[in-house]
**Q** 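Here it is, the structure, as structure tokens.
The figures here come from the full heavy-atom set of this structure, side chains too, leaving out hydrogens, waters and symmetry mates.
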Number of protein chains: 2
Amino acid sequence: MPRIRHTTLACSPGCTVEATLELFGGKWKALILYHLFEDGVLRFGELRRRLPNVTQRMLTNQLRELEADGLVSRTVFPEVPPHVEYALTELGKTLKPVIQALKKWGDRYAHSVQRNKAGDRD
Amino acid sequence: MPRIRHTTLACSPGCTVEATLELFGGKWKALILYHLFEDGVLRFGELRRRLPNVTQRMLTNQLRELEADGLVSRTVFPEVPPHVEYALTELGKTLKPVIQALKKWGDRYAHSVQRNKAGDRD
DNA sequence: GCCACTAGTGTCAGGAATGATACCATGCCT
DNA sequence: AGGCATGGTATCATTCCTGACACTAGTGGC
């Protein structure tokens with residue numbers, strides 16, 4: 001859950017930047033998308049294993065929101081035990097260059113971010 | 001203030017994606033960066049005018065964090081009334097392709113994000 | 001003397017985001 | 001009959017984010 005949804009994109013010229021960010025600004029969404037780009041299709045449990053620090057509830061939430069935004073598809077197989085598959089939609093796939101840009105920058109520069117602040121964690 | 005700072009980037013292969021996102025995942029940071037890309041150097045008040053919905057305190061906070069992360073420089077002119085200029089650092093400038101990717105995607109696809117969810121706002 | 005201007009800071013409060021934990025259904029295996 | 005597996009939900013508590021509002025300094029103008 002980012003914070004605010006502004007679907008009217010009239011606020012300012014850079015507003016679409018914000019709007020885009022809100023789609024995967026959720027705490028784990030970018031990671032989810034990233035793994036879906038890597039692996040294509042993933043079951044709930046597989047995603048969970050790839051994101052060890054996410055609680056089940058969080059993962060469900062984030063996936064539901066991605067689904068509601070049309071970025072991720074959710075396919076339920078009526079089996080027991082339950083079987084649900086998550087994959088990127090066509091729209092979701094268009095985010096690839098964005099995520100790649102993020103990753104590329106991170107791989108190159110993240111280490112050079114000097115955190116001078118107190119209250120540094122992790 | 002994103003949420004967690006993990007400076008050790010060992011969590012998962014997509015971790016740098018998250019790390020990058022945390023740099024400008026703050027509610028207004030992407031917008032601030034965007035405007036600095038557009039205009040080069042901006043005074044506090046100018047930024048404030050470009051981001052009408054941000055409170056002074058928020059703007060200060062976000063700028064301080066961007067500064068702490070080494071993305072934005074803050075230059076104080078010892079005058080009265082106060083005069084402070086904000087600009088991108090060299091590191092900050094390297095984020096340009098990332099912000100551009102966000103904007104490009106937003107301009108093209110943001111409108112096609114269908115929000116099926118209840119609780120839609122704005 | 002009083003007010004305005006700029007760039008803040010301090011405090012407080014409300015709400016949202018997140019986490020912990022427990023619980024559910026159902027079919028299979030033993 | 002009991003336990004396990006999967007993909008969830010429900011409830012509660014807490015922590016974090018954000019906004020509203022008031023306040024500051026120092027000089028110039030009326």
Side-chain angles (χ1 to χ4, degrees), chain A residues 1-6 11 18 21-32 41-69 72-87 117-122, chain B residues 1-6 18 21-32 41-68 72-87 117-122:
Chain A
M1 271 172 234
R3 355 263 149 132
I4 303 166
R5 289 282 173 186
H6 39 147
C11 347
E18 259 259 75
L21 221 36
E22 281 170 2
L23 292 180
F24 53 89
K27 191 163 182 185
W28 308 101
K29 288 185 188 174
L31 251 337
I32 294 171
V41 178
L42 287 171
R43 297 183 57 169
F44 186 84
E46 293 175 321
L47 269 170
R48 199 136 78 103
R49 257 163 266 137
R50 276 160 182 75
L51 308 168
N53 301 322
V54 194
T55 58
Q56 198 166 24
R57 203 181 68 89
M58 263 296 103
L59 185 53
T60 307
N61 274 0
Q62 304 284 295
L63 284 168
R64 288 293 140 84
E65 290 188 17
L66 289 170
E67 193 195 353
D69 286 332
V72 160
S73 68
R74 178 169 176 267
T75 313
V76 182
F77 295 81
E79 305 171 4
V80 167
H83 180 168
V84 180
E85 283 183 357
Y86 291 93
K117 275 199 305 188
D120 220 351
R121 272 167 284 173
D122 177 313
Chain B
M1 267 171 239
R3 355 261 151 137
I4 304 166
R5 289 285 173 183
H6 38 147
E18 259 259 75
L21 220 38
E22 280 169 4
L23 292 181
F24 53 90
K27 191 163 181 185
W28 308 101
K29 288 185 187 172
L31 251 337
I32 294 173
V41 178
L42 287 170
R43 299 183 55 172
F44 185 83
E46 294 174 321
L47 268 170
R48 197 137 77 104
R49 256 164 267 135
R50 275 161 182 75
L51 307 169
N53 301 323
V54 195
T55 58
Q56 199 167 24
R57 204 180 67 89
M58 261 297 103
L59 186 52
T60 308
N61 274 0
Q62 303 285 295
L63 284 168
R64 287 295 140 82
E65 290 188 17
L66 289 170
E67 194 196 352
V72 160
S73 68
R74 178 170 176 267
T75 313
V76 182
F77 294 80
E79 305 171 5
V80 168
H83 181 165
V84 180
E85 283 182 357
Y86 291 94
K117 274 201 304 189
D120 220 349
R121 272 167 285 171
D122 174 318

**Q** Go nucleotide by nucleotide along DNA chain D from the 5' end; which of A:E85 and A:R57 gets its closest nucleotide reached first?
**A**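 Between the two, 5'-proximity favours A:E85.
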
**Q** Within this structure, what is the CD-to-C1' distance between A:E65 and C:dT18, rounded to whole angstrom?
**A**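 Rounding to the nearest Å, CD of A:E65 and C1' of C:dT18 are 12 Å apart.
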
**Q** Quick one, give me the B/S/- string for nucleotides 22-30 of chain D, reading 5' to 3', where B means a protein heavy atom under 4.0 Å from the base and S means that only happens at the primed atoms, P, OP1 or OP2.
**A** ----BS---

**Q** Could you tell me which residues satisfy side chain to side chain contact (heavy atoms under 4.5 Å, CB included) with B:E46, sequence neighbours excluded, listed by chain and number?
**A**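 With sequence neighbours excluded, B:E46 shows a side chain to side chain contact (heavy atoms under 4.5 Å, CB included) to B:L42, B:R43, B:R49, B:R50, given in chain and number order.
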
**Q** Go through the steps for B:Q56 and B:R48 under the test side chain to side chain contact (heavy atoms under 4.5 Å, CB included), then give the verdict.
**A** CA-CA 7 Å; B:Q56 199 167 24; B:R48 197 137 77 104; 3.8 Å; yes

**Q** Between P on C:dA20 and CG on A:L59, what's the gap in Å once rounded to a whole number?
**A** 14 Å

**Q** Without decimals, in angstroms, what is the distance between B:N61 CG and D:dG19 C1'?
**A** 11 Å

**Q** Check the distance between D:dG7's C1' and A:E67's CD and give it to me in whole angstrom.
**A** 14 Å

**Q** Considering non-hydrogen atoms only, spot the tightest contact between B:E65 and B:K29 and give its length.
**A**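 Smallest heavy-atom distance, with atoms named: OE1-NZ, 2.6 Å.
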
**Q** Would you say A:D69 and A:F24 make side-chain contact, with heavy atoms under 4.5 Å?
**A**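 A:D69 does not reach A:F24 side chain to side chain.
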
**Q** A:L63 has an atom CG; how far is it from atom P of D:dG7, in whole Å?
**A** 11 Å

**Q** Can you measure B:L51 atom CG to D:dT18 atom C1' for me and round it to whole angstrom units?
**A** 15 Å

**Q** Is A:R74 near enough to D:dG8 that one of its side-chain N or O atoms lies under 4.0 angstrom from OP1 or OP2?
**A**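 So the side-chain polar atoms of A:R74 do come within 4.0 Å of the phosphate oxygens OP1 or OP2 of D:dG8, strictly under.
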
**Q** Indicate, with a heavy-atom threshold strictly under 4.0 Å, whether B:F77 touches base, sugar-phosphate, or nothing.
**A**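 The residue B:F77 makes no contact with any strand.
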
**Q** Taking 4.0 Å as the cut-off, does a side-chain nitrogen or oxygen of A:K27 come that near to OP1 or OP2 on D:dC16?
**A**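 Checking D:dC16 against A:K27, no side-chain N or O comes under 4.0 Å of OP1 or OP2.
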
**Q** Could you tell me the separation between the CD atom of B:E18 and the P atom of C:dT18, rounded to a whole number of Å?
**A** 10 Å

**Q** With nearest nucleotide decided by heavy atoms, which residue, A:M58 or B:R48, maps closer to the 5′ end of DNA chain C?
**A** B:R48

**Q** With side chains defined as the heavy atoms from C-beta onward, is the minimum distance between B:H83 and B:V76 less than 4.5 Å?
**A** no

**Q** side-chain contact (heavy atoms from CB on, under 4.5 Å) with A:Y86: which of A:T75, A:V41, A:V72, A:L59?
**A**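 It is A:V72, the one option of A:T75, A:V41, A:V72, A:L59 that forms the side-chain contact (heavy atoms from CB on, under 4.5 Å) with A:Y86.
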
**Q** What is the separation between atom CG on B:N53 and atom P on D:dA20, rounded to the nearest whole Å?
**A** 10 Å

**Q** Working note: A:N61 + A:W28, criterion side chain to side chain contact (heavy atoms under 4.5 Å, CB included); need CA distance, chi angles, decisive distance, verdict.
**A** CA-CA 10 Å; A:N61 274 0; A:W28 308 101; over 6 Å; no

**Q** Between A:W28 and C:dA17, is there a contact of a side-chain N or O with OP1 or OP2 at under 4.0 Å?
**A** no

**Q** Which of the following nucleotides, D:dT18, C:dT9, C:dA20, is nearest to the side chain of B:Q62?
**A**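 Of all the options, the side chain of B:Q62 is nearest to D:dT18.
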
